[in-house]
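Since the structure is predicted, the reported quantities are computational estimates derived from the model, not experimental observations.
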Amino acid sequence: MKRLIINILLFAGGLGYVSAQSPLFSIFDSFDKTPKSGEGKVVVHQSNALKKLVGTRIDSENIDVVNGKTFLVTQGYRVQVYSGNNQRTSRAEAFKLQTKIKELYQDIATYVTFNAPFWKLHVGNYRSFEEASLMLRDLRSTFPQIKNEIFIIEDDIRLPLD
């Protein structure tokens, strides 16, 4: 088990190094170099099939491509800022609040959804409850008139891979 963890860490640490190199270069090529004086040598024992997979992206149902950007879809948290079921005003209210949030937080993703009969506004893509809690507190202080309507929900989130 310890050996597996070490291999995973070596693999993950080398990905950043590999991406800066030419496409024909892999992390395993750096292990094959003759060590300099005072350096150790790393030997990786594995099949050639696994070596071929390193650095290639495998398509799956959890990968989403939107406008040329690749996202990993996974379970996480968002902050629900608005939910309304008034047919005449809820849609406009959700988009109006979305515009205000976009002006204050340009880098934070916002999502207006309609699931009959509710219009909802969700904010962010957070991997942990703690990350979402920070945004929750910030939004409650920014919008005190609706602070009792703002809460954290579990949702499928989209994390950028590129």
Item to complete: Given side-chain contact (heavy atoms from CB on, under 4.5 Å), test T70 with I63 step by step and report yes or no.
Response: CA-CA 7 Å; T70 308; I63 302 295; 3.6 Å; yes

Discussion item. Could you walk me through whether K100 and K96 satisfy the side-chain contact (heavy atoms from CB on, under 4.5 Å) test, starting with their C-alpha distance in whole Å, then the side-chain angles of each, then the deciding distance to 0.1 Å, before giving a yes or no?
Written reply: CA-CA 7 Å; K100 287 181 184 177; K96 180 179 159 186; 4.0 Å; yes

Worksheet item: Would you say N125 and R78 make side-chain contact, with heavy atoms under 4.5 Å?
Response: yes

Worksheet, complete the sentence: In short, L104 meets T142 closest at the heavy-atom pair CD1-CG2, 3.5 Å

Worksheet item: Taking a hydrophobic cluster as the set of Ile, Leu, Val, Met, Phe, Trp and Tyr residues connected by side-chain heavy atoms closer than 4.5 Å, whether directly or through intermediates, do I157 and L134 fall within one such cluster?
Response: no

Worksheet entry | Backbone of Y111 reached by a side-chain donor or acceptor of K120 within 3.5 Å | no

Worksheet item: So, the side chain of T110 versus the backbone of Q98: is there a donor-acceptor pair under 3.5 Å, distance only?
Response: no

Fill in: Y82 versus L97, closest heavy-atom pair with distance
CB-CD2, 3.8 Å

Worksheet item: Should we say atom CD of Q87 is surrounded by more than 12 heavy atoms from elsewhere, each under 6.0 Å from it?
Response: no

Worksheet entry | Heavy-atom side-chain contact between I150 and V123 under 4.5 Å | no

Worksheet item: Between R140 and K147, is there a donor-acceptor pair closer than 3.5 Å when you use the side chain of the first and the backbone of the second?
Response: yes

Discussion item. For the CD atom of Q80 and the CD atom of E149, what is their distance to the nearest 0.5 Å?
Written reply: 9.0 Å

Fill in: Between OG on residue S83 and CD1 on residue I146, distance to nearest 0.5 Å
11.5 Å

Worksheet item: Can you check side chain to side chain donor-acceptor pair (under 3.5 Å) on D138 and Y105, steps first, answer last?
Response: CA-CA 11 Å; D138 199 17; Y105 309 96; 3.0 Å; yes

Item to complete: Working to the nearest 0.5 Å, report the span between CD of E131 and CD1 of I152.
Response: 10.5 Å

Practice prompt. Take F71 and V66 through the test side-chain contact (heavy atoms from CB on, under 4.5 Å) and record every step on the way to the result.
Written response: CA-CA 8 Å; F71 297 93; V66 178; 4.2 Å; yes

Item to complete: Look at the side-chain heavy atoms of Ile, Leu, Val, Met, Phe, Trp and Tyr, link any pair under 4.5 Å apart, and say whether F95 and F118 land in one connected group.
Response: no

Item to complete: Side-chain contact test, heavy atoms from C-beta onward, threshold under 4.5 Å: evaluate it for H122 versus V81 and give yes or no.
Response: no

Worksheet, complete the sentence: Looking only at heavy atoms, the pair that brings G84 and S90 closest together is C-OG, 3.1 Å

Worksheet item: Between Y126 and D155, does a side chain to side chain donor-acceptor pair (under 3.5 Å) hold up when you go through it step by step?
Response: CA-CA 9 Å; Y126 302 105; D155 202 356; over 6 Å; no

Discussion item. Can you classify the ring geometry of W119 versus F114 as parallel (below 30°), tilted (30 to 60°) or perpendicular (above 60°)?
Written reply: tilted

Response to the item:
Taking every heavy atom of L121 against every heavy atom of A94, the minimum-distance pair comes out as CD2-O, 3.9 Å

Item to complete: Give the minimum heavy-atom separation between A132 and Y77, together with the two atoms involved.
Response: CB-CB, 3.9 Å

Worksheet entry | OG1 on T74 to CZ on R158, rounded to 0.5 Å | 13.0 Å

Worksheet entry | Atom pair CZ (F151) and OG (S133), whose distance is rounded to the nearest 0.5 Å | 13.5 Å

Worksheet item: Any chain of hydrophobic side-chain contacts (each under 4.5 Å) joining I108 to V73?
Response: no

Discussion item. Nearest 0.5 angstrom please: Q106 CD to I101 CD1, how far?
Written reply: 12.5 Å

Worksheet item: Does a sphere of radius 6.0 Å around CG in N115 hold more than 12 heavy atoms from other residues, nucleotides or ligands, not counting ones at 6.0 Å or beyond?
Response: no

